[in-house]
Amino acid sequence: MSVTRIFVARLAGLTVLDPLGDHVGRVRDVVLSFARGGQPHAHGLVIEVPGKRRVFLPMTRVTSVDPASVIVTGLVNMRRFEQRAGEALAIGEILDRQVRVRSSEGDYDAVVEDLAIERNARREWLVTKIFVRRNEPGQRSAVSRLTRRRSGQTTLVDIGQVIGLRRQPTAQSAELLLESYEDLRVADLAEAIHDLNPKRRAEVAAALDDEKLADVLEELPEDDQVEIIAGLENDRAADVLEAMEPDDAADLLSDLPPEQAERLLQLMAPDEAEPVRRLMTYEENTAGGLMTSEPIILGPEATIAEALAMVRREEIAPALASAVFVVRPPLETPTGRFLGLVHTQRLLREPPHNPVGIAIDKTIEPIAVDARLGEVTRTLANYNLVTVPVVDDDGRLLGAVTVDDVLDHILPDDWREERHDEEGTDEEVMEEATRD
């Protein structure tokens, strides 16, 4: 190794290279084991490989560490990393933790700033030193790295002087974990949260704001959605449901016990709860059960400029931004008579002052609210659409089905789980077994 002592915080973000210098991924965390008792040891790295997938790399595969990169040997097992009992993530769980330090001058409270690991004669990487920041007098507890200013004396102490390193993670460390994920897209953040154990998922959910948690829930499997929403206080759960797309909120509420779902609906603002209640009345595999009730809707006299301003809004999903639905008043679903849709590409070709009514594509027929999944899928495929209007028997617009809504229903329930179930080489199996 190019170094004999490594501070784990400095590993975060380092490029991982194979012996030929090709890019493998980036270091995201260090896996510590407390399972054997005594001195904790680092037995692997969590690395992020292309596709934002996080996998486990045993420390036995690490051949060199320098300030810019980590060199590894052998094939990387591409099974997604799953934290096991007796393990802790150094960066995600240990850093910023409150501990007690024994000292000849008197014990004191401190915050973990970094951990030093060193390799012994048996080629094991042991945690030997803890870099701590002493709490100032009157400081009750540390504040998250996201908000606090660093203050207080720092010192490097032996691992044997530190009490409380192994205790369960706190909400504070959950915020630190989110800080390490701040560059992820929502879908990738959801995948990372899915990989956590239930307790950590609950802590991370508590640390997210309502809007971000709503976005994450929309990307999680149903079981995770139910687990997280059921673990929130009712008032906050209702706020998060209000921030979700109505169709996603309706799907989630349908998976809850009826009495709990009704309690949350009553806590939601009436204008937010009403479309969700309406969506819950439709069968799951029909256009009504698939659609969102909040597409982009305008009257025929609205200008092209107004329509473009609507589709440019950041919060509009790309599929919904592909078209504007033109109706007679009222302009909230269920609307007045549906007149047709205007494709965003057509909007870009029209003078800004023209009304949207002259750009309607009259070749696209809306589908009935009770149309089955197969009919919806064929309509999208036949006309190369990413969204299709849904109307009732009176021709009023009720919502729109987007291609992602359809994919969610035709893909297997576990489609979010990227499966790499190969057992790997005998060496990989043995390395995995050492984590137990």
Can you see whether [X] engages [Y] through a side-chain donor-acceptor pair at a distance of less than 3.5 angstrom?
{"X": "Ser69", "Y": "Asp66", "result": "yes"}
{"X": "Arg61", "Y": "Thr73", "result": "no"}
{"X": "His409", "Y": "Asn285", "result": "no"}
{"X": "His194", "Y": "Glu219", "result": "no"}
{"X": "Asp251", "Y": "Ser254", "result": "no"}

Carboxylate-amine/guanidinium proximity below 4.0 Å for [X] and [Y]:
{"X": "Glu203", "Y": "Lys199", "value": "yes"}
{"X": "Asp188", "Y": "Arg185", "value": "yes"}
{"X": "Glu262", "Y": "Arg277", "value": "yes"}

Roughly how far apart are Leu217 CG and Glu245 CD, rounded to 0.5 Å?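 The CD atom of Glu245 is 13.0 Å from CG of Leu217, to the nearest 0.5 Å.
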
So, for [X] and [Y], which heavy atoms are closest and what is the spacing to 0.1 Å?
{"X": "Pro275", "Y": "Ser293", "answer": "CB-OG, 3.5 Å"}
{"X": "Val27", "Y": "Leu45", "answer": "CG2-CD1, 4.2 Å"}
{"X": "Ile304", "Y": "Pro355", "answer": "CD1-O, 4.1 Å"}
{"X": "Gly336", "Y": "Val327", "answer": "O-CB, 4.2 Å"}
{"X": "Val356", "Y": "Gly299", "answer": "CG2-O, 3.4 Å"}

Could you tell me whether the side chain of [X] and the main chain of [Y] form a donor-acceptor pair under 3.5 Å?
{"X": "Asp29", "Y": "Ile91", "answer": "yes"}
{"X": "Gln225", "Y": "Ile229", "answer": "no"}
{"X": "Glu87", "Y": "Arg84", "answer": "yes"}

[X], [atom1] atom: more than 12 neighbouring heavy atoms under 6.0 Å:
{"X": "Gln345", "atom1": "CD", "result": "no"}
{"X": "Asp22", "atom1": "CG", "result": "yes"}
{"X": "Asp223", "atom1": "CG", "result": "no"}

Could you list the residues that satisfy salt bridge (charged side-chain N to carboxylate O under 4.0 Å, His left out) with Glu375, not counting sequence neighbours?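 Partners of Glu375 under the salt bridge (charged side-chain N to carboxylate O under 4.0 Å, His left out) test: none.
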
Salt bridge (charged side-chain N to carboxylate O under 4.0 Å, His left out) involving Glu227 - partner list, sequence neighbours excluded: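 Result, salt bridge (charged side-chain N to carboxylate O under 4.0 Å, His left out) vs Glu227: Arg201.
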
Only one of Arg10, Arg97, Arg133 clears salt bridge (Lys or Arg N to Asp or Glu O under 4.0 Å) with Glu113; which?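 By the salt bridge (Lys or Arg N to Asp or Glu O under 4.0 Å) criterion, Glu113 pairs with just one of Arg10, Arg97, Arg133: Arg133.
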
Taking the side chain as every heavy atom from C-beta outward, state whether [X] and [Y] have any pair of such atoms under 4.5 Å apart.
{"X": "Met291", "Y": "Leu279", "value": "yes"}
{"X": "Arg328", "Y": "Thr335", "value": "no"}
{"X": "Val326", "Y": "Leu298", "value": "no"}

Between Phe81 and Phe56, what is the ring plane arrangement, given parallel below 30°, perpendicular above 60°, and tilted in between?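 Rings of Phe81 and Phe56: parallel, as their planes differ by under 30°.
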
